[in-house]
Amino acid sequence: MKNIFRHPEKSVASKLIIAIGLLMILLTLIFWYAILIKQEKDITSIAVRYGGSFVNFTKESVRASMLNFKRDETQRMLETLSTPQGVRRVSIYNHQGNILFSSDKKSTGQLIDRNTVACKGCHTDPEKSPALQEAPRKWAVYRDEHGYRTLHVIDEIPNEPSCYTAACHVHSPDRKVLGFVDAQLSLAFLDEALLKQKLAITAYVVLFVLGVSLFLGLIIYKIVSKPVSELAQGMEKVAGGDLDYTVPIKSVDEMGVLAQTFNSMIKDLKMARDQREKWTQTLEEEIAKKAEEIRKTHASLVQTEKLASLGRMAAGVAHEINNPLTGVVTFAHLLKKRFPAESPESQDLNIIIEQADRCSKIIKNLLTFARATPSEKGKVSINDVLNRTVFMVQNQVKFHHIKFDVHLENYQFVIVGDSSQFQQIFLNMFINAADAMNERGKITVATRRITENGRPYVEIEFTDEGCGIKDDDLPKLFEPFFTTKPVGKGTGLGLSVSHGIVKHLGGYIKVNSVVGKGTSFFVRLPLTEEGK
């Protein structure tokens, strides 16, 4: 605890102790001073009452001797009354201030001091005017030559009927006051008792201040200084990296709440540190995993590039095949003119011309699809593009054992877009369906008009009888390079590209699949005003 007073400007507890201590000392001093003043006033009031009683007793004691005009007895009575301890002098004087009787014989016949309460208690200015005060004073306290206080009490001697009717007196009935009784009582013993009382109260006050200060310091140290020190120590340990430390404060007051919050913060910091260390430990694994994904992506891109190169080569081969086919058709027409129309030779030539035109049309569609031309948007009929695509794939070896069940509604279904992009979407759907059925089975193709949220759509359905898609694979179906096909049979880009094209046109693709029974893809595209 002594450490808090070494640098009080750095300690909240020392500031509180000093501030409260000074305030308590100030209030105690005020209270102490008020008590002393009150005691002094109370003692003076008691002394005044005692003095008044003593003066009245004096008047009653000398009344009989004064009525009988026995001066010696009156003098002797005053001397007797001055014998008790504390009575310094008792005097009787007239209106002119002449001392007629006194316990001090030396002062008999002298004039009273006009600067005392004997004159100033009644007269406003005894030296210049006989005017009386409205509220006469009958007592005053003075300091004697030894420094002790003396109570000076005065009371008048009234002119009673028994006084002015006595045969020995010459006082007129008109006089109301015959004289005054003056008593000077020492307050030394009261001052001594008051001094002892002041010393005792002062000692009690000092002990009270010291005791309260001691207990106040202990209380503040226990409630404020010690918890704050423990919190500061906890902060230092946490700053040093010790996150296992907890502040041992168990109270339910504000300090306890603060300690609980601090401990909770330490716990959160420890959890964050452990999480960071865990992330550090798994970072290499994540990097290795991402590196493997990049390697697979690179391999897929290489495969895609190979397929693109193969497509360009196939387009070139198709272009070279188209020229001989043109010659075959030309020479077939020339030979046909040499034979009658109904002859077997003419019919054979018709078959040659028909099949050659068919091959030429297939190659033309293939070239149109494979040609890398800029995207040109226009009004496209979905049914027309779908018919061309079906016709193109039907003549490929991959689809020789696949039956197409086509149901197209009798609507134009006009959409603004690029016909080659639509053909690419439909071709991807057919190839995926053929791969899922191992190139054997039935593909159902249908178009229909639907309305969703008040907006018209054309829905193109592609349903196969293949192996179906697992539920775990459905959320990843449109991710780039994701494929369920064996290695070498797919790149995982067909559905991703198709999904991107459809989404760009404002549509979407729905999938329904049952493992072992087949899969249905529903391509929904928004219709233009002409397509409605």
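Distance CE/Met77 to CD1/Ile92: 10.5 Å, rounded to 0.5 Å. Asn94 CG to Asn98 CG: the interatomic distance, rounded to the nearest 0.5 Å, is 4.5 Å. Between atom CD1 of residue Ile266 and atom CE of residue Met271 there is a gap of 14.5 Å, rounded to the nearest 0.5 Å. One distance of note links CD of Glu73 with CG of Leu78; it measures 11.0 Å at 0.5 Å rounding. Taken to the nearest 0.5 Å, the CD atom of Glu79 stands 4.5 Å off from the NZ atom of Lys105.
Checking side-chain atoms of Thr108 against main-chain N and O of Leu100 turns up no donor-acceptor pair under 3.5 Å. Checked by atom type and distance alone, the side chain of Gln110 pairs as donor or acceptor with a backbone atom of Lys106 at under 3.5 Å. Judged by distance alone, with hydrogens and angles left aside, the side-chain atoms of Asp473 form no donor-acceptor pair with the main-chain N or O of Ile469 at under 3.5 Å.
Proximity of Thr150 to Val141: side-chain heavy atoms (C-beta onward) are nowhere separated by under 4.5 Å. Side-chain contact check for Val153 versus Phe54: every heavy-atom pair is 4.5 Å or farther apart. In this structure the side chain of Val212 reaches within 4.5 angstrom of the side chain of Phe208, judged on heavy atoms. Within the 4.5 Å cutoff, side-chain heavy atoms of Leu81 are placed close to those of Ser61. Side-chain contact between Leu527 and Arg449 is present, with at least one heavy-atom pair separated by less than 4.5 Å. Using a 4.5 Å cut-off on side-chain heavy atoms (C-beta onward), Tyr457 and Arg448 make no contact. Put simply, the side chain of Lys196 does not reach to within 4.5 Å of the side chain of Leu199, judged on heavy atoms. With a 4.5 Å cut-off on side-chain heavy atoms, Val62 and Phe101 do not count as touching.
Take Phe521 and apply the ring-ring contact (aromatic ring centres under 6.0 Å, His included) test, not counting sequence neighbours, and it matches no residue. With sequence neighbours excluded, the residues forming a side-chain contact (heavy atoms from CB on, under 4.5 Å) with Gln39 are Ile35, Leu36, Leu194, Gln197, Ile201, listed by chain and number.
Contact record, Val181 with Lys59: CG2-CG, 3.5 Å, taken as the closest heavy-atom pair. Nearest heavy-atom pair, Ser91 versus Ile99, reported as atom, atom and distance to 0.1 Å: CB-CG2, 4.2 Å. Taking every heavy atom of both residues into account, Ser498 and Asn428 meet most closely at OG-ND2, 3.0 Å. Here the shortest heavy-atom pairing between Ala47 and Leu187 reads CB-CD2, 3.7 Å.
The side-chain hydrogen bond (donor to acceptor under 3.5 Å, both in side chains) contacts involving residues 512-523 comprise Thr463-Ser520, Ser513-Thr519, where partners must be two or more places apart or lie in separate chains. For residues 25-38, the set of pairs meeting the side-chain hydrogen bond (donor to acceptor under 3.5 Å, both in side chains) definition, not counting sequence neighbours, comprises Trp32-Thr202, Lys38-Asp42. Applying the salt bridge (Lys or Arg N to Asp or Glu O under 4.0 Å) rule to pairs touching residues 81-104 yields Arg88-Asp144, sequence neighbours excluded.
Using modelled atom types and a 3.5 Å distance limit, the side chains of Gln281 and Glu277 yield no donor-acceptor pair. Judged purely by distance below 3.5 Å, without hydrogens or angles, the side chains of Glu452 and Tyr508 pair a donor atom with an acceptor atom. For the residue pair Ser102 / Ser107, a side-chain donor-acceptor distance below 3.5 Å is found, with atom types taken as modelled. Side chains of Arg49 and Ser45: a donor-acceptor N/O pair is present below 3.5 angstrom, by distance only.
Residue Lys70 places its NZ atom among 12 or fewer non-hydrogen atoms of other residues, nucleotides or ligands, all under 6.0 Å distant. Within 6.0 Å of atom CD in Gln275, more than 12 heavy atoms from other residues, nucleotides or ligands are found, so the atom counts as buried in its surroundings.
For Glu292 and Arg295, the salt-bridge test passes: some basic side-chain N is under 4.0 Å from an acidic carboxylate O. A salt bridge links Lys290 with Glu293; the closest basic N to acidic carboxylate O contact falls under 4.0 Å. Ion pairing between Glu459 and Lys510 fails under the 4.0 Å rule for side-chain N and carboxylate O.
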Begin from the C-alpha positions of Ile154 and Phe180 and carry the test side-chain contact (heavy atoms from CB on, under 4.5 Å) through to its verdict. CA-CA 7 Å; Ile154 299 173; Phe180 300 91; 4.2 Å; yes

Walk me through whether Ile460 and Leu525 qualify under side-chain contact (heavy atoms from CB on, under 4.5 Å). CA-CA 8 Å; Ile460 307 102; Leu525 298 170; 4.2 Å; yes

List the steps and the verdict of side-chain contact (heavy atoms from CB on, under 4.5 Å) for Arg524 and Ile509. CA-CA 6 Å; Arg524 292 185 178 181; Ile509 301 176; over 6 Å; no

Validation: residues 499-507 side-chain donor-acceptor distances under 3.5 Å, sequence neighbours left out:
none

